[in-house]
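Okay, so here's the structure we're looking at.
Here the structure is a predicted model, which is why all the values come from computation and not from measurement. Chain A is the first sequence line, chain B the second, and so forth, proteins listed ahead of strands; every chain is numbered from 1.
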2 protein chains.
Amino acid sequence: MANLDGFFKSAFTVDNVIFGFDDGDLKILLIKRGEEPFLDYWGLPGYFVYPDENLDAAANRVLEELSGLKDVYLEQVKTFGAVDRHPAGRVITVAYYSLVKISDYKLNASSIAQKAKWFSIPKVSELPFDHSEILEACFNRLKRRVRTRPIGFELLPPKFTLTELQHLYESILETKLDKRNFRKKILAMNLLVDLNETQEGVAHRPARLYQFDGEKYEDLFSKGFNFEL
Amino acid sequence: MANLDGFFKSAFTVDNVIFGFDDGDLKILLIKRGEEPFLDYWGLPGYFVYPDENLDAAANRVLEELSGLKDVYLEQVKTFGAVDRHPAGRVITVAYYSLVKISDYKLNASSIAQKAKWFSIPKVSELPFDHSEILEACFNRLKRRVRTRPIGFELLPPKFTLTELQHLYESILETKLDKRNFRKKILAMNLLVDLNETQEGVAHRPARLYQFDGEKYEDLFSKGFNFEL
DNA sequence: ACATTTAGTGTATTTACTACACCCTGCCCC
DNA sequence: GGGGCAGGGTGTAGTAAATACACTAAATGT
């Protein structure tokens, strides 16, 4: 084998765009950095990948250390490797996004995050490193993916109303949707279970609650069914 | 800044799935490896990324060293980083695919490639490292991308017939398409220029030749037009 | 000239998409 | 306890897009 020592001087990190949905708004979780560079800036959660750690595992670890959550939806999006993107040397980063139910989320005290906070996406301004570019790539990926895979449900509590679901899609896709057409289409797929329960304590007519039937989806999917919204 | 030295001991490579279309078949370019590990195996072209080189540049370099081609369509797909994927240490690889016109392709003698050869995709068997997985990911990406972006033309000579174009789509999508509906749809987009020329020297009725109008596409695209096939 | 091979064309049917407005139900407040 | 308020919930008609389908045309080779 040729001498490759000169190549083994790089590092890589994972960065994770963590999406949540709350209060009718799509949000992402940012942390106030506790280390240089960019000390005290709000940035994407991320960290170096350990030598004996797979990439997906590293992305999961970052998420779990920060939030305590396991088994969340996680998808690799793109790798960013501009030569000068990190001051400490050659560091490429593998960007992931994940979808969490904000109701499950519980902030963990953590060495890498002094403070974490949910931000509505339009309110996110310039981020350190190339994190703005990473956010954009992940958001774009989510926009496309959410139309062809039933991953929106990862952002909602187990029981949800059709209006909540519609608002979720509206904030991801950044459009308005027609109520009747939306309901027609989503119900026609037969992937929602009507729980015969209604909201409580709302100051208006309570809405019916539904649940997503993941098993049924898997079954249909394996037979060639394509979710499409 | 905390001591991060322990992290700066990794390397990364790019691997490139180079697609071509010839003889009615979608093909990929493999090289017979000239180095350990996996000496003499057919594998994907790829190499280490130099310390001062961006990722896209490295993928372009690999392609150019091998084929002499510049300015080809290139897209990053996914990064593979299993801990044990490379015997020389921790090496993650960023997978790209590229689309070349086989007619332009001219084999370059190269240190990393003793020999290169086009393989029809179904005839590709097990590849070294995780290259089979990489191929699958890139092929899947191409299948999706080709339906929503006019990138198929990158694989055809500048002048082509509608039948050639249809066969190209059929071999990427691995389906049969209806001739009349295909022509109706593609011509309705008004992105093909009828050159008023016909094939010569064919033992049947010669077909008209068309050219893809990339400028027109860019113009329409910027106004919200979506290619969709 | 005739057999072979691929090129090229139109219509009818079905299916999916879009646009659109009113009544219902429960709570709150006066 | 009656009226107002705030969403919840429902159907149809028109339009556009997708599909299925079969014959004639033009060149070459024998």
Side-chain angles (χ1 to χ4, degrees), chain A residues 21-25 146-148 150 156-157 159-171 173-211 220 224-229, chain B residues 21-25 146-148 150 156-157 159-171 173-211 220 224-229:
Chain A
F21 182 71
D22 192 25
D23 209 13
D25 258 342
V146 83
R147 296 176 56 124
T148 55
L156 291 176
K159 301 176 179 186
F160 51 85
T161 70
L162 293 181
T163 302
E164 282 166 0
L165 185 61
Q166 181 179 342
H167 287 161
L168 170 64
Y169 275 93
E170 287 177 338
S171 46
L173 300 175
E174 299 182 296
T175 48
K176 288 271 166 224
L177 299 172
D178 180 89
K179 182 161 60 160
R180 278 179 286 195
N181 294 338
F182 178 81
R183 294 161 100 98
K184 200 191 309 175
K185 212 163 166 181
I186 198 91
L187 290 174
M189 290 191 228
N190 259 314
L191 291 171
L192 298 189
V193 182
D194 184 341
L195 293 169
N196 286 310
E197 295 174 47
T198 52
Q199 286 177 307
E200 282 173 24
V202 287
H204 53 78
R205 174 174 175 181
R208 303 182 77 83
L209 294 171
Y210 291 84
Q211 200 172 26
L220 289 171
F225 168 81
N226 274 316
F227 183 90
E228 181 94 45
L229 204 129
Chain B
F21 183 70
D22 192 24
D23 209 15
D25 261 340
V146 83
R147 298 176 56 127
T148 53
L156 292 175
K159 300 176 180 187
F160 51 84
T161 70
L162 294 181
T163 303
E164 283 165 359
L165 185 62
Q166 183 179 340
H167 288 161
L168 169 64
Y169 275 94
E170 288 176 339
S171 46
L173 300 174
E174 299 182 293
T175 47
K176 288 273 165 221
L177 300 171
D178 179 88
K179 181 160 60 158
R180 279 180 286 196
N181 294 337
F182 178 81
R183 293 159 102 96
K184 201 190 310 175
K185 211 162 167 182
I186 198 92
L187 290 175
M189 291 192 228
N190 260 314
L191 292 171
L192 298 188
V193 182
D194 183 342
L195 295 169
N196 286 310
E197 295 174 49
T198 53
Q199 286 178 306
E200 282 174 24
V202 288
H204 55 78
R205 174 173 176 181
R208 303 183 77 83
L209 294 171
Y210 291 83
Q211 202 173 25
L220 288 172
F225 168 81
N226 273 317
F227 184 90
E228 182 92 46
L229 205 128

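Rounding to the nearest 0.5 Å places CG of B:L192 at 6.0 Å from CG of B:L187. For the atom pair CG of A:L162 and NE2 of A:H167, the computed distance is 11.5 Å after rounding to the nearest 0.5 Å. Note: B:N181 CG to B:I186 CD1 = 13.0 Å, rounded to the nearest 0.5 Å. Note: A:L168 CG to A:T163 OG1 = 12.5 Å, rounded to the nearest 0.5 Å.
Here the closest non-hydrogen pair linking A:L156 and A:F160 is CD1-CG, 3.8 Å. Closest non-hydrogen pair, A:Q166 versus A:D178, comes out as NE2-C, 4.1 Å. Closest of all the heavy-atom pairs between B:P206 and B:T198 is CB-CB, 4.0 Å. Counting all heavy atoms, side chain and backbone alike, B:E228 lies closest to B:T148 at OE2-CG2, 4.1 Å. Between B:M189 and B:F227, the shortest heavy-atom distance links the atoms SD-CD1, 3.5 Å.
Interface residues of residues 180-187 of chain B facing DNA chain C, ordered by number: B:R180, B:R183, B:K184; criterion, heavy-atom separation under 4.0 Å. Taken residue by residue, residues 190-201 of chain A places no heavy atom nearer than 4.0 Å to DNA chain C. Within residues 159-168 of chain B, the residues approached by DNA chain C to less than 4.0 Å at the level of any non-hydrogen atom are B:T163, in residue-number order.
C:dC17 atom C1' lies 20 Å from atom NZ of A:K176, rounded to whole Å. As rounded to whole Å, 7 Å separates atom P of D:dG9 from atom CZ of A:R208. Going from atom CD of B:E228 over to atom C1' of D:dA16 covers 15 Å, rounded to whole Å. For A:K179 and C:dC24, the NZ to P distance is 14 Å, given to the nearest whole Å.
Taking the side chain as every heavy atom from C-beta outward, A:L209 and A:T161 approach each other to under 4.5 Å. Between B:L191 and B:F225, some side-chain heavy-atom pair lies under the 4.5 Å cut-off.
Within the structure, salt bridge (Lys or Arg N to Asp or Glu O under 4.0 Å) pairs that include any residue of residues 181-197 of chain B comprise B:K159-B:E197, B:D194-B:R208 (at least two apart or interchain).
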Polar atom pairs (N or O), protein with nucleotides 1-6 of chain D, under 3.5 Å:
none

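Legend: residues meeting ring-ring contact (aromatic ring centres under 6.0 Å, His included) with A:Y169, ordered by chain and number and at least two apart, are A:F182.
Nucleotides of DNA chain C nearest to B:P206 and B:D178 differ in position, and the one nearer the 5' end is that of B:P206.
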